[in-house]
Undergrad: 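One structure, as structure tokens, below. Some questions next.
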Amino acid sequence: MSRSKHSLKTALAALVTSTALFVGATAAQSLVTPDRIGNPDAENTITWAGRQTLSHHIANPGLAAHFEQAFQDWAERHPDFKIELSIMAGGGNEAMARLLEQTTAGRQPDFALIDSFFLATFAPYLQPINHYLSDEEFNDFVPFAREGVTFGDDIKALWLTTDVRALYYNTEIVDSPPATWDELMETGKALADDGYVAYVFPGGRGEGAVMENLPMFWSQGGRLVDEAGRPVFNEGENRAAMLNVLNFLKDLVDEGVSPARVTTFGNGSDLNPDIASGQVAMFLGGSWILGQLPDLLGEEEAAKWHYAPIPNMSSDLPLSTAVGGWAVGVFTEDAAKQAAIVDFIQTAYSGYEGMAGLAINGSLLPTRVSVAGYDHEYFKSDATSGFAEMTEYGRPRPGATIYPTISTELQVAISDTISGRKTAEDALDDAWQRVIEEYEAQQQ
Amino acid sequence: MKPQVARNAQKVALYLLMAATALLFLFPVLWVFSLSLKDVRQVFQFPPRLIPENPSLSNYEFLLLRSQIPTYIWNSMKIVFMTVVGTIMVAMPAAYSLSRFRIPRQRLILFLILTFQMLSPMVIAIPLYRYFNELNLINSHWGVILVYVAWQAPFATWVLKGFIDSIPIELDEAAVIDGATRWQSMVRVILPVSLPGLTSAMIMIAINSWSQFIIPFVLIDSQSLMPVSVGILNFQNTQEAIQVHLLAAASILATLPALAVFIVLQRFIVRALTAGAVKG
Amino acid sequence: MHRRNRFSYLLWLAPLIFMLVVFYAWPVIDLIRLSFTNASFLQPKFSYGLGSYLSVFRDPDFLHTLWITVIFVFFSVILQIGLGFLLALMFDSASRQHLIGTVAARTSVLIGWAIPGVIIGIIWNLMFVETRSGILTYALSNMGLGPVPFLSNPQVALGAAILANVWRGTAFSMILQYSALQTVPGELIEAARIDGASSTAVVTRVIMPYILPIIMINLVLSTINTFNTFDLIIALTKGGPGRATEVLAMSIYNNVFQSLSLGRGAAIAVVLLLLNALMAVGYYRLLKRQGDGSL
């Protein structure tokens, strides 16, 4: 029968083609495996402590492809080197704690991903990489990304992408986004009366709860630590500003604008069930969430969401947001390895192309001025440029070694205040006491 | 004798109670299984449905083909296997000697051995972390296995001793008369006879080890070496991608091996759980 | 005939003793040492002193943590043992009457033991989702009951943790007591029946006293296990909201890996150690009182 012969031929052709592709693919793929990048027979081994979500392990297919391609390119350029990747487990603090333990014991990897607010803690152990970057190259980074990685005269790390926090609102439900706390309260109450979940935010045990609510403290002029890194958040005006924030968050829940379950939201992603429910009118979230909304809500619904700056206590206060992100630092003193490593980071993460790929696929924001002008629709969209503007007034978390403790204690204070277990004053004082004790212990 | 009606009523009541119990205990697992068959949108859907609209195994496909779950499960199996072997190697001689020899202060020794079982692994995990770091045993399956063996050995010794106690000493004596040493008598005579007890102990060690969390959580940093009990936490809420549906599927995958062993070999487990305590 | 060396038993015990000393005893000693320092991950140097203990005892939340742990343990254990007993009775009765499905139903209770604790935390975390897509929230709303703040209200969250722990721990209690029930001599029950005792009386006056030793052992073992619970909590609530479910083991972890303070974490761990030791002594006393020869 001619038809079956025809389909047999097609099948055979398909088989041959796919086998060829497969063989070709695996031949190329063998340079990039889950825990090795580069020629397996290379003489020089570089150890890398990475993160699942910033490597080819990530579930996001676009980002995974970007990394695989970048890693492949690097591997072909450096046949003498191979990178052994070990993925750091756990959230930010745990992973950093373990890395710190390894470092102080002298067992650190050659290079590692370091959460931006830990840079000061790791700085004494990181090697300067000034000579691998031209001035022009380095000045392409935005101010906070440059300051955060510079210690004295040394550039000790490269800041990768960043993100900001904003007030998201559903334009179908909310006409104009509130700009002050009073407006948020008023709009919120009206929406709650209409049966919506007016406003959700992280208010529980997680870095998100602190980072996303800090801007409201900062815009009042509040400071967590002074220039020397000493905690000052419970002194004078800082105390007043912090109490204002704590009490405001509590009021939001007490007045029914936000549900009590915000105390279970430690990080941005904990808001997902609420966002997906379709009942939420506004939420406090990171810039990366915009790219995830279509997955949660479908294209149509997602298109209804816009964002605005975080509401301030009063309209005369400056706009503020928190910028975060990861950086990469080099521990090894071997110059040849350093050069290979810096090339690797630039290719996949912080160079012009690398950062662009990272930003586009991960819905992240570039920290390089030039990348903002990259020729891709992602950068041309209103959404991205709006967020990029926010990075201009965004502040990073203080790079003081006491910050992790401050954050942990503030997380507890926030959720204790909202849940009513303690008054804002008591919660803040308790947090302060523990922070000061830890600070003094660290000074010895 | 109770009248037939009352007896039947009691039977019906028992059936109902058992059904209700089974439902209460199985429901959470069924719900998670249901979640594992859904995609991201369905997971957050309202109203929630126990039976998904378009059930699909795509989460499992992703996990098995493109995630580290198979690695985690393989790690768990390696660790558990070596732990079982190691623990028996350590516990069997100890149990035999405690059962057959007259040891001074036997009670005290048994008590001391048991006390170790009472200590939380958390209490030793923290100092072990520093200590292993210096010995470069962090991120090593061998390091973890050694700790597991130390952790399970006391209980295994106790259970095995209970079983060996129940074997008549005449068997040993017969072997000795035939010219065997103590060691040979243990290996050739007692070991085969205590096989059921041994199996129970091994299954218990296996299930406990599969579930152990604190020790590998503290002693292993690197994701590719983690057992599944720790690796699964990586799926719980990350910033860069929504993974709840994967978490549900991963939970089911992580439980399957232990559950399978358990259901099939339940008899031995029941025996092991009760041997030490009930026999005394 | 063989020469019995007086010390040959040592060789047999040697591997066990070696493992216990190196991997248990030594770390415990090191833990105690660490608790008297202010060691931290932030720098390699440290000094000795009572600083960590002072910091722990002066902490307003420490007493709270202890209290939370006690409540968690108390209710978990009582409920597990009570439920375990009732279920054991039920299964015992069913199996004596050869009802179909007894083993299957019994197995369903036992899966709580086969599933790793951390996954049980994940399972219940998914069950307790408080938005309307959460299955429990949905079920309750269908019955006209308002949304329950399962994990966001401090007191309810502790209750939720207890519930999850009971779901997990009933298996062990049930099987222990079920086996004990098998050892109750039939004649005793017959005799009581003949004397006209009601079913309830048979249970409370005959069965319970008979298996009381097992119940006591169950009590101690469950208490110890629950006191040391960590995996369930970290997956379910991470100790939150605030510190409402931060039991001792969780507090140790948070101090070491979140606050990066090894000294404080060690001090709290020593407290846990002492509590464990106390319970071990209690267990020993219990076993001795049973006065059997195998110990």
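In the text below, chain A, chain B and the rest are named by the order of the sequence lines, each starting its count at 1.
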Undergrad: If you count heavy-atom pairs under 4.5 Å with chain C, which of V43(B), L26(B), I124(B) comes out on top?
TA: I124(B)
Undergrad: Heavy-atom distances under 4.5 Å only: say whether V118(C) touches chain B with side chain, backbone, both or neither.
TA: side chain
Undergrad: Name the member of V109(C), D30(C), V103(C) that forms the most heavy-atom pairs with chain B at distances under 4.5 Å.
TA: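 Result: the option with the highest number of such pairs is V109(C).
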Undergrad: What part of R130(B) gets within 4.5 angstrom of chain C, counting heavy atoms only: side chain, backbone, both, or neither?
TA: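 The side chain, not the backbone.
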Undergrad: Can you confirm whether or not the ring centre of F23(C) sits under 6.0 Å from the ring centre of F18(C)?
TA: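 No - the distance between ring centres of F23(C) and F18(C) does not fall below the 6.0 Å cut-off.
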Undergrad: With a 4.5 angstrom heavy-atom cut-off, could you sort out which part of I100(C) is near chain B: side chain, backbone, both or neither?
TA: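 Both parts, heavy atoms under 4.5 Å.
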Undergrad: Flag this pair as yes if the NZ/CZ of R132(C) is under 6.0 angstrom from the six-membered ring centre of Y138(C) and inside a 45 degree cone about the axis; otherwise no.
TA: no
Undergrad: Identify the heavy atoms of M250(C) and K238(C) that sit nearest to each other, and give their distance.
TA: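 Residues M250(C) and K238(C), closest heavy atoms: CE-O, 3.5 Å.
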Undergrad: Below 4.5 Å, heavy-atom pairs only: which of L13(C), I123(C), I29(C), L99(C) has the largest tally toward chain B?
TA: L99(C)
Undergrad: Of the backbone (N, CA, C, O) and the side chain (C-beta and beyond), which part of L119(B) lies under 4.5 Å from a heavy atom of chain C, both, or neither?
TA: both
Undergrad: Give the member of L20(C), I115(C), I224(C) that has the highest number of heavy-atom pairs under 4.5 Å with chain B.
TA: L20(C)
Undergrad: Is the ring centre of Y24(C) less than 6.0 Å from the ring centre of F116(B)?
TA: yes
Undergrad: Counting only heavy atoms closer than 4.5 Å, note whether L16(C) contacts chain B via side chain, backbone, both or neither.
TA: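 For L16(C), heavy atoms of backbone and side chain both lie under 4.5 Å from chain B.
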Undergrad: Tell me whether D92(C) is salt-bridged to R106(C), with the criterion being a basic N under 4.0 Å from an acidic carboxylate O.
TA: no
Undergrad: Chain C heavy atoms under 4.5 Å from V123(B): which part of the residue, side chain, backbone, both or neither?
TA: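 The answer is both parts of V123(B).
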